Amino acid sequence: MNKPRLSYSRSSVIISRPVLAVSLLLCVIAAFFGQTALAAALMFVFLLALAARVWAQLSARRLDFSIKSPAGGVFPGDEVDFELTAHNGKFMPLVWLELFAPVPQSSCMLPEDGRKPDEWECPTLEEEGASLDIVGEKRFSFIMWYDTVSASMRWRAERRGIFSMNTWRLRTGDGFGLAQVELELPERDVREIAVYPKLVDVIPDMFLRNLWNSESGSRGVMEDPTVIRSTRGYMTTDSLKHINWRLAARGQPLTVNVFEDIMPKSVHFIVDGDSFAGRTPHSDELEDTLSILASLAVRLERSQVRCGLSLPAGKTSPPVNLFAAEGAQTGDLLWAMAAYDLPELPAGLDRDSMTPEFDEPPVYDAANSAGRFYYVAYSSDCLAERTLLRALGGGITTVLTYTEPKPDGEFETACLRRLREVKADA
C-alpha cells in the first residue's frame, strides 16, 4: 500500500501537531505552578490525542487491499461488480476501514448503494472533477488480526464515457474517532472502464452494397485470385474467369478454381465532432450519432467487414486514427468513441467556422488501404470549409449527415439517422 497521509478535514483538531505541542507546554507550565488538576487534564488530552494519532497511523500499516473488476468496456445498462478484498497483516485489529469511491462528473457509471457527499468532502471532489451529487462507499468493521474479509460493490453503466478509479481511496483511523488517515489504491488496482455508446438496430446495407459493387462476394467476403484452395467440376452458373484453362487445354473436363476467401476492403468513419459543437452544442445528436456508428461497426464485424475510425481532438482527448489495415479491432473503435468529448467553442467563432483538429497525414497515407471513407457531420453547412474532406474527394468518400443532407455534385450523400432500423408496430 502507499504511504498513509493524515486527513485533517475529518480528524479532530486536537490531534494536530500545534495543539499537541501547546497542550504539552501548558501541562508543563501548570505543573510548574502547582496546578495539579489542570496539569492532569492537559496531560490526559495530550496522551489521548497522541494515542489517537499513533493508532490511526498504525491501523494503515500492513494493510493489503485489492479490487477485481472486469477488464475492457461495457454498454449502457450493464452492471459491473467490483470484488473487494482486505487483509489485515498485523497483530492489532482494524476497527474500521472504508473505501471512498468518487463518481466521474459525467456520471457514466453510478453505484448501486451511493450516498450524498458530506459538505467537507465537496471541495476535494470539485477539485478532482468528480460529481457533487453522489459518491460510492463501502465500509468494513472490525477486521481482526491476520484476518481477510471480502465484499462487493455493484455499479451500473448509465451513459457513454470513461470511468476511472484513480480518485478512489481508502480511509481508516483510531477507535476514538479522533484521527483518520487516507491511502491511495495500489497501482495494480487502478484501471479504467469504458462505457461504450448505446447499441441500436441499424441497417448496414449501404456499406455492404458498396463492397458488393467492388466485386466482392457474398456477405462482403472477397476472393484472393492468387491462392487456389481446390477445384471442382464446372457448372453452367459458374463464371468463365474461374475456369481452369490449363487443365482444359490438356483435354481434361472443364473444372473451376475455388479461391481462398479474404477479408474485403474496410470502411473508415471520419467523425467531424466539431460540427456538433457550438454555443449550443448538439450533444444529444452526437450521442445518437456515436450510437449509430458503434452499432454499424458491431454489425459489420458480423458480416466480416472491418471498420476504421478517425476522430478529431476533443476537449480533453487527442485526435485518433484507427485503421483496419493496421489491426484495429471493433473494441478499439468503441473505446475511442467512449473517450471522445466535444471541444469548446473559441470566443468569437460559430460552429461552421470551427476547424476539426484531425491528425490528417495518416489518413491521406491510408487512402489506398482504408477502403471507402465515410465523413460524418451534423449538417452539410460546414462541409465547404473541411480541407480533409475536400482533399480525399468524392471518388472514395461518402458524406453522412445527421440532418437531411443538401445535394452535392461531388460527394455521394446520405442521412445518418435513416440508417437506424425502425421496427413496425406489432
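Keep in mind that what you see is a predicted model, and the values were worked out from it rather than measured.
A distance of 5.0 Å separates CD in E79 from CZ in R154, rounded to the nearest 0.5 Å.
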Please evaluate residues F411 and Y375 with respect to the criterion ring-ring contact (aromatic ring centres under 6.0 Å, His included), reporting the C-alpha separation (whole Å), side-chain torsions for both, the decisive distance (0.1 Å), and the verdict. CA-CA 10 Å; F411 296 94; Y375 193 92; 8.3 Å; no
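Few gaps surround CD on E98; more than 12 heavy atoms of other groups in view lie less than 6.0 Å from it.
Using cut-offs of 30° and 60° on the angle between ring planes, the pair F91 and Y146 is tilted. Using the six-membered ring where Trp is involved, Y378 and H282 have ring planes that are parallel, under 30° apart on the 30 and 60° scheme. Relative ring orientation between F269 and Y374 is described as tilted, the plane-to-plane angle lying within the 30° to 60° band.
The heavy-atom pair separating D272 from C382 by the smallest distance is OD2-SG, 4.2 Å. Nearest approach of S131 to P104, heavy atoms of both residues: CB-O, 3.9 Å. Residues I15 and L178 share a closest heavy-atom pair of CG1-O, 3.8 Å. Closest approach of P204 to R299, counting heavy atoms only: CG-CG, 3.6 Å.
In summary, K138 and D113 do not engage in a salt bridge, as defined by a charged side-chain N under 4.0 Å from a carboxylate O. Ionic pairing of R188 and D64 is present here: one or more N-O contacts between side-chain nitrogen and carboxylate oxygen are shorter than 4.0 angstrom. A salt bridge links R418 and E404; the closest N-O separation between the charged side-chain nitrogens and carboxylate oxygens is under 4.0 Å. Classification of E83 and K68 as a salt-bridged pair fails, no side-chain N sitting under 4.0 Å from a carboxylate O.
Between the T172 side chain and the A56 main chain, no donor and acceptor come within less than 3.5 Å of each other. Although no hydrogens or angles enter the test, the distance criterion places a donor-acceptor pair under 3.5 Å between the side chain of N88 and the main chain of I143. Of the possible polar contacts, none joining the R171 side chain to the Q180 backbone as a donor-acceptor pair under 3.5 Å is found.
The aromatic ring centroids of W168 and F82 lie less than 6.0 Å from each other.
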